[in-house]
**Student:** 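Shown below is the structure under consideration.
Only heavy atoms go into these numbers, but all of them, side chains included; no hydrogens, no water, no symmetry mates. As the structure is a prediction and not an experimental result, all values here were calculated from the model. First listed ligand is number 1; within each ligand, the first listed atom is number 1.
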Amino acid sequence: MQNRVIMLADFDYFFAQCEELRNPSIKDRPVVVGVYSGRTEDSGAVSTSNYIARKYDVKSGMPLFLAKRKLEGTDAVFFRVDHGYYDQISDRIMEIFRGYASSLEQVSVDEAYLDVTEQVEGSFEKARDYAQKIKADVKNQVDISFTIGVGPNKLIAKIACDSQKPDGLTIIKPEEAAAFLAPLPVDRLLGVGKKTTARMEQMGIKTIGDLAKYDCQRLIEVFGKALGIYFHNAANAVDNEPVQEQGEAESISRIGTLKQDTRDLAFILQKTDELTEDIYREVTEKNLSFKTVSIYMVMTDLSSKTRSVTLEQPAKDKETIKRNTRSLFEKFLGESTLEVRRVGVKVSGFSREEPRQRQLTSFFSTE
Ligand code: TTP
Ligand code: CA
């Protein structure tokens, strides 16, 4: 079998970078994104922060009041998490990735594996240029930076990616993989938590290199067959897991900036109709029906809002999207006095149309 070339892309300080994207003037300041519990003004925890804030020792999961204290005297800015907005940005980047890979496996809102073996003809030399090209394309279209790890499998791509951030690119060729892993502590492997680390330490295994040399039969005795074999293979840089789509996309959306801030319905609909054309093309390509239509808007004060409607019947036509987008905006403009700056349209709640013939055959099949 030909060498595989697998990439892991991980967006840099993602939620905080998204906030910088819509407020470019804060780029040189410490930026913290938090989940506010709402009890008191400062209660809650840090989701993430930009690298400037990290210099002040701000960390994910830290109480917000502590982050505030660490940043006292600086011109730090704090934001409340806005998942709707981060999802939109993530969707746009994943869509771009899709054009660069034979298969794409999205692991989280800010991480995805790309199988690019065919695109780079199995060459790790070509992979470097290819990775730069993807980075430049996303920078150009969405203006978000991310880190790429490249390796012969998902395991190596992931550890390569973690080894240099932000805006990093680390390439580990197949012949370098075992030596790359060897000095690292065992807990860098997926599935090796605190308990396993302690157990391995008792056995004299500290690094991945120690684990690689350890008798496989003995590992099976201690950890059971499946886990023992997995640890043995992983430590020896062997991982045959394919890059696999995680099922259907849950939604299809597009977002765009209006030429000027406005409350004019016709002006807004001109933009959303454009976005709808694009959504409709994708819905048709994938042969999907949708049950929900949503609108998304960012107002002049940069707050964002969404509104949705659930249809009585699944639909698949353009007019249904346009009609519902129109009535959602009509209603929304009646409720708000602010001007609109960016707009988005989303369809979700998918079902796939199956040809009747197929349904019948699968009904009678005994498999
Ligand atoms: P990460 O990829 O762990 O972190 P990051 O993208 O902020 O920073 P980097 O990759 O440059 O190290 O997490 C992705 C997003 O998940 C992050 O932007 C915010 C969210 N998150 C939380 O909400 N709480 C957490 O404890 C962590 C670790 C992440
Ligand atoms: Ca990240």
**Student:** Please list, chain by chain and in numerical order, all residues satisfying side chain to side chain donor-acceptor pair (under 3.5 Å) with Tyr113, sequence neighbours excluded.
**Tutor:**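 Tyr113 satisfies side chain to side chain donor-acceptor pair (under 3.5 Å) with no other residue.
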**Student:** Under the salt bridge (Lys or Arg N to Asp or Glu O under 4.0 Å) definition, can you give me all pairs with a residue in residues 167-186, not counting sequence neighbours?
**Tutor:**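 Every pair satisfying salt bridge (Lys or Arg N to Asp or Glu O under 4.0 Å) with a residue in residues 167-186: Glu125-Lys173, Lys135-Asp167.
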**Student:** What orientation do Tyr296 and Tyr85 show, parallel under 30°, tilted 30 to 60°, or perpendicular over 60°?
**Tutor:**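 Parallel: the ring planes of Tyr296 and Tyr85 meet at under 30°.
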**Student:** Less than 3.5 Å apart, any donor N or O on the side chain of Tyr36 or Asp42 sitting next to an acceptor on the other?
**Tutor:** no
**Student:** So, do Phe15 and Tyr86 have ring centers that fall under 6.0 Å from each other?
**Tutor:** yes
**Student:** Just do the side-chain contact (heavy atoms from CB on, under 4.5 Å) check on Thr147 and Leu169 with the steps written out, would you?
**Tutor:** CA-CA 6 Å; Thr147 293; Leu169 172 57; over 6 Å; no
**Student:** Closer than 3.0 Å to the Ca ion (ligand 2): how many protein N, O or S atoms are there?
**Tutor:**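 Under the 3.0 Å cut-off, the count stands at 3.
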**Student:** Would you confirm whether the ring centroid of Phe97 sits within less than 6.0 angstrom of the ring centroid of Phe146?
**Tutor:** yes
**Student:** Under a 4.0 Å heavy-atom cut-off, what residues line ligand 1?
**Tutor:**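 Heavy-atom contacts below 4.0 Å: Asp10, Phe11, Asp12, Tyr13, Phe14, Phe15, Ser47, Thr48, Tyr51, Arg54, Ser60, Asp110, Lys165.
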**Student:** Kindly compute the distance separating CD1 (Ile171) from CE (Met7), expressed to the nearest 0.5 Å.
**Tutor:** 7.0 Å
**Student:** Apply the test side-chain hydrogen bond (donor to acceptor under 3.5 Å, both in side chains) to residues Ser308 and Ser294: give CA-CA distance (whole Å), side-chain angles for both, the deciding distance (0.1 Å), then the verdict.
**Tutor:** CA-CA 4 Å; Ser308 306; Ser294 314; 3.0 Å; yes
